[in-house]
Amino acid sequence: MTGDSVARRAALSWARRRDPTPQRLWPLLRSRGLEALLEAPEDALAEWLGSRERARALRRSVDDADAEHWAAEIERRGVRVITAFDPEYPRLLLEIADPPFALHASGSLDRLRLPAVSVVGSREATRYGRDVARRLGGELSAAGVAVVSGFARGVDAAAHEAALEGPGGTIAVLGCGIDVDYPREHRRLRERVAAAGGLFLSEHPPGEEPRPQNFPIRNRIIAGLASGVVVVEASRRSGSLITARLAADFGRDVFAVPGSIFSETSSGAHALLRDGAIVCTGVEDVLTELFPAIGGLGGIDRGAVAHGDVAALRSADVAALRELSAEARRLLETIARDEPVSADELSRSLDLPAAAVLAGLFELEGAGLAVAVEGGRYGIRRP
């Protein structure tokens, strides 16, 4: 078995058995590495993990064929099982202290390649809260940003629904098995998300019913998937404040929408503002803060990009070019012209899905190789 396949099998075993937990094991994985843990003396491993049985289970995990059979059976039902060691696993989520060892996914995994913002709030949202969530969800998605939320009533549902209309789409993070119909009144919304190419994610295996303790744990995924979290409406005891606190702990930006001083459903959002959250009065506040323009680079030769000839690039650009995905390289070749081009034009000319184009453009911006200009068009960075 290769190193990657060993790590995947181990992660499947940990996810299936749920012991050791991510909170216990990730500090050791990051400080020592899986190979060193497997080679450590049992006494030392038992001390690090808190029990001899955990130490033995960790050693057995790389040979746990039952875990692979378990994952294969889930995938036969149309649900992807993505471990933290697989290339599809979301990069931002890996940055948090205790990412899930495995995610169960249904829908378009392209959503995980897009820039993402979480929009959360009260289940008992007022009409004002639902209207704000719809506007933010729709405008973020229209800008090519995936809208992440928890598929709950109120603010979550409004944000998911509005995001379906744009190319960013939506990611719903569940506190139950991915095949569990919860909440039941969202059956139609679930169908619409699936039909629009959205994505459902859950740390919990198929068939697991929702439990109260699942939702605070689920919130760390909502916070970890996104560059920032927007709290639309929340009382002082709202679970959305847990998501906001986790986002701040992860180094993400936290935004809060001001509401009526007479409304209890806005009291939690106002507390966040008092404690330093960024005021959100519209999508521009979020986009400007999270995805600002990146400093310019010199011109790039289009033919050099097309043929992978990095010699024509400045030395500062070479590493960035070599790290590009195939889609981003194709986009870079196309936009290396005099006239800026829109994402829609790129999608048509290259016959690529809108989500793939937006993901590639975000990749190019992050690498400092492209820039968004006036009118939602993209061009090469110039001095």
Side-chain angles (χ1 to χ4, degrees), residues 1-113 171 173-180 199-208 214 217-218 220-221 224-225 325:
M1 295 176 69
T2 66
D4 288 346
S5 60
V6 167
R8 174 176 167 82
R9 176 180 279 189
L12 292 172
S13 181
W14 306 332
R16 178 174 177 244
R17 296 179 182 277
R18 305 191 189 190
D19 193 26
T21 63
Q23 295 85 347
R24 183 182 294 274
L25 187 52
W26 272 113
L28 291 172
L29 288 171
R30 287 174 171 142
S31 63
R32 300 176 185 275
L34 177 58
E35 185 175 347
L37 290 179
L38 294 172
E39 293 175 352
E42 185 175 300
D43 287 346
L45 195 55
E47 181 180 349
W48 296 337
L49 291 172
S51 83
R52 193 166 296 276
E53 178 51 37
R54 287 196 191 101
R56 292 170 179 166
L58 181 69
R59 287 184 163 178
R60 292 193 300 266
S61 65
V62 295
D63 297 315
D64 189 354
D66 287 344
E68 285 192 324
H69 297 153
W70 169 76
E73 178 57 34
I74 291 173
E75 295 199 329
R76 274 194 287 272
R77 289 182 264 165
V79 176
R80 286 288 307 278
V81 183
I82 305 167
T83 79
F85 302 103
D86 294 333
E88 299 91 347
Y89 198 91
R91 177 185 56 81
L92 277 180
L93 189 58
L94 274 178
E95 295 177 1
I96 74 173
D98 55 348
F101 296 131
L103 290 169
H104 302 84
S106 176
S108 174
L109 294 181
D110 284 343
R111 301 296 165 199
L112 296 176
R113 299 175 55 207
I171 300 172
V173 185
L174 308 181
C176 56
I178 210 160
D179 58 341
V180 175
L199 179 65
F200 291 95
L201 291 178
S202 178
E203 183 175 7
H204 307 287
E208 181 160 322
N214 289 358
I217 297 171
R218 179 272 314 263
R220 83 190 196 286
I221 303 176
L225 282 172
S325 65

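Sequential numbering from 1 along the given sequence is applied to the chain's residues. Since this is a predicted model, take the numbers as computed values, not measurements.
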Student: Are any of the side-chain heavy atoms of Leu25 and Leu49 separated by less than 4.5 Å?
Tutor: yes

Student: Taking 4.0 angstrom as the limit, do Arg9 and Asp64 come out as a salt bridge?
Tutor: no

Student: What pair of heavy atoms forms the shortest contact from Gly175 to Asn214, and how long is it?
Tutor: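 Heavy atoms only, the tightest pair is O-ND2, 3.0 Å.
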
Student: Given side chains that start at C-beta, do those of Arg80 and Glu75 come closer than 4.5 Å, heavy atoms only?
Tutor: yes

Student: Are Pro100 and Leu93 close enough that some pair of their side-chain heavy atoms sits under 4.5 Å apart?
Tutor: yes

Student: Look at Asp98 together with Arg24 and state whether they make a salt bridge at an N to O cut-off of under 4.0 Å.
Tutor: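 No salt bridge links Asp98 with Arg24.
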
Student: Closer than 4.0 angstrom, basic N to acidic O: yes or no for Arg18 and Glu203?
Tutor: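 No, Arg18 and Glu203 are not salt-bridged.
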
Student: Can you give me the closest heavy-atom contact between Leu45 and Ala55, atom names plus distance?
Tutor: CD2-O, 3.6 Å

Student: Taking side chain as C-beta onward, heavy atoms only, is Ser325 less than 4.5 Å from Arg113?
Tutor: yes

Student: Evaluate Leu112 against Tyr89 for side chain to side chain contact (heavy atoms under 4.5 Å, CB included), listing each step before the verdict.
Tutor: CA-CA 8 Å; Leu112 296 176; Tyr89 198 91; over 6 Å; no

Student: Quick check: do His204 and Val180 have side-chain heavy atoms less than 4.5 Å from each other?
Tutor: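 A side-chain contact is absent here, since even the closest heavy-atom pair is not under 4.5 Å.
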
Student: Do other residues, nucleotides or ligands put more than 12 heavy atoms under 6.0 Å from the CZ atom of Arg30?
Tutor: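 Result for CZ/Arg30: enclosed.
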
